[in-house]
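Data block below; observations after.
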Amino acid sequence: MLDTKFIREHTERVIQNSSAKHAQPDIPGFVRLDERRRAIIQEGQDLKAKRNTVSDEIARLKKAKENADQRIAEMKIVSDTIKHLDEELRGIEEQMEHIALFVPNITHTSVPHGKDASANIEVRRKDGINPCEGEKGFRKDHATLAKEHGIVDFERGAKISGSGFPLYTGKGARLERALLNFMLDRHTLHNGYTEVFVPFLVNAASMRGTGQLPKFADDMYACADDELYLIPTAEVPITNIYRDDILTSAELTKKHCGYSACFRREGGSYGKDTRGLLRLHQFNKVELVQFAKPEDSYNQLELLVGEAEGILETLGIPYRTILLCDGDTGFSSAKTYDLEVWSPAEQKWLEVSSCSNFEDFQARRANIRYRPEPSAKPEFVHTLNGSGLATPRLVVAILEHYQTEDGRIRIPDALQPYCGFEWIGEK
RNA sequence: GGAGAGGUGGGUGAGUGGCUGAAACCAACGGUUUGCUAAACCGUCGUACUGUGCAAACAUUACCGAGGGUUCAAAUCCCUCCCUCUCCGCCA
């Protein structure tokens, strides 16, 4: 959410930025409502001030056993007027909020302009680290490999829940767990994150705090009877840990990582991208979340991207890092880098991480603040997050890059201690 | 799920209709003093919005879990909801 004052004072910029992000909120309407709102507040405050002083007078009169009926009658009318003003004000603020919740975050000046992914900028690429040689005829795609080795049972997953709910079996389940443990250990032991294990169902206030609601309601699974939502990412519960809190300057930058299952409806996305593990309704992810001072946040974003890249480097998977243009940058984000791994079978880059600086956009919604100095006024923190990383496409990359000519799959060195085996498949 | 108790400022905690935005204590911050990892004393010490002002600041208003209601006037009375604690039941 943007600051009302900011929208009022930078109306043109907000309109342009919204349109770059393919959104058309009614900014002029918002500004008009804001004018009326402030007029009502002023009028209401004057009347309330009058009521307060006269009420004191009534108290004095009554104490002195004098008649106050005249004043009471006057104040009854004043109170009625106040009531009507408050009602109008509530209506206006509701309308304003309805508009404000759909205004996207302003992108950072370093973000390139463009209408879609074609304007994104590749900032780094690490290929040539393929441990099992280049693109050869023996290569099979991940779904075929997964079936042949019996490590993912898509059919039974579909029987249990539906398509997009994979059932990992045997070494596949072990590999999944190994990846998660490996990544969590790395972020907690080497990158200075404090681990959290979060609820997977959250309330509406949490979803609003991180920006999933109200705009993306259709993308989420909801438990209507309990007003709870299945999280699409651990970003939601982790960021909301400090909703309505005031942090101290000393505890920033605060870094949390956590595993969660992630649930996404992915409505209308059936097509070629849905093969195997490429796009799922439920998947596993380790998430990185940071709460930073405004002056540190962009430096922290670069560090966070590096931490996510470190996982791919250690696993020896070819990847590239993309800076998203404004038209491709998410609703809540001011600047986003995507990490993509190469799928030789798909001949495509697959997104495995999205690392963003939200500046104070989420913090304003979720009311997460800090005091720059012990007795200073609280200010909004900057929030950042990134996947570190999501497992399904990581498994895709491992299967496809680490398959050998004899049809087996070698486990990356760093994962072997976590897996307890070196190979998938018989020689 | 049933019964009871309770939710007040960073913390503890007083306050049952009008001089209470809220005592007291603790913490924190500033200062004085004592020459020493401390103590004493003095002072400051919630948040938001609106307005005036370049600003520091000042003024109004609102906020005592959330939302409604009663009243000239609500932390205080009434209703609904949420949460916490205790006991019982159930359960991994």
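Labels below follow one simple rule: chain letters A, B, ... track the order of the sequence lines, proteins then strands, and each chain is numbered from 1.
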Most 5' of A:A49 and A:K63 on RNA chain B, judged by nearest nucleotide: A:K63
What integer number of Å spans the [atom1] atoms of [N] and [M]?
N: B:C45; M: B:G11; atom1: C1'; value: 14 Å
N: B:C29; M: B:U34; atom1: P; value: 22 Å
N: B:A74; M: B:A55; atom1: P; value: 34 Å
N: B:C88; M: B:G18; atom1: P; value: 41 Å
N: B:U71; M: B:C79; atom1: C1'; value: 16 Å
N: B:G9; M: B:A22; atom1: P; value: 15 Å
N: B:G69; M: B:A14; atom1: P; value: 31 Å
N: B:U33; M: B:G46; atom1: C1'; value: 31 Å

Please classify the nucleic acid contact of A:R36 as base, sugar-phosphate, or nothing, using heavy-atom distances under 4.0 Å. nothing
So how far is it from A:F380 CZ to A:D3 CG, rounded to the nearest 0.5 Å? 7.5 Å
Contact under 4.0 Å: A:R38 side-chain N or O vs B:C49 OP1/OP2: no
Would you kindly give the CG-to-C1' distance between A:N203 and B:C82, to the nearest whole Å? 10 Å
Rounded to whole Å, CZ of A:R71 lies from P of B:A73 at a distance of 15 Å
Answer yes or no: is there an ion pair linking A:E57 with A:R60, defined by an N-O contact shorter than 4.0 Å? no
Closer than 4.0 angstrom, basic N to acidic O: yes or no for A:D34 and A:R37? yes
What verdict does the side chain to side chain contact (heavy atoms under 4.5 Å, CB included) test give for A:E155 and A:K147, after you've listed the backbone C-alpha separation in whole Å, the side-chain angles of each residue and the deciding distance to 0.1 Å? CA-CA 10 Å; A:E155 288 74 19; A:K147 280 178 201 169; 4.0 Å; yes
Run through A:Y193, A:Y242, A:F197 and flag the one making a ring pair (Phe, Tyr, Trp, His ring centres under 6.0 Å) with A:H256. A:Y242
Nucleotide of B:U50, B:U61, B:A73 approaching A:I41 most closely (side-chain heavy atoms): B:U50
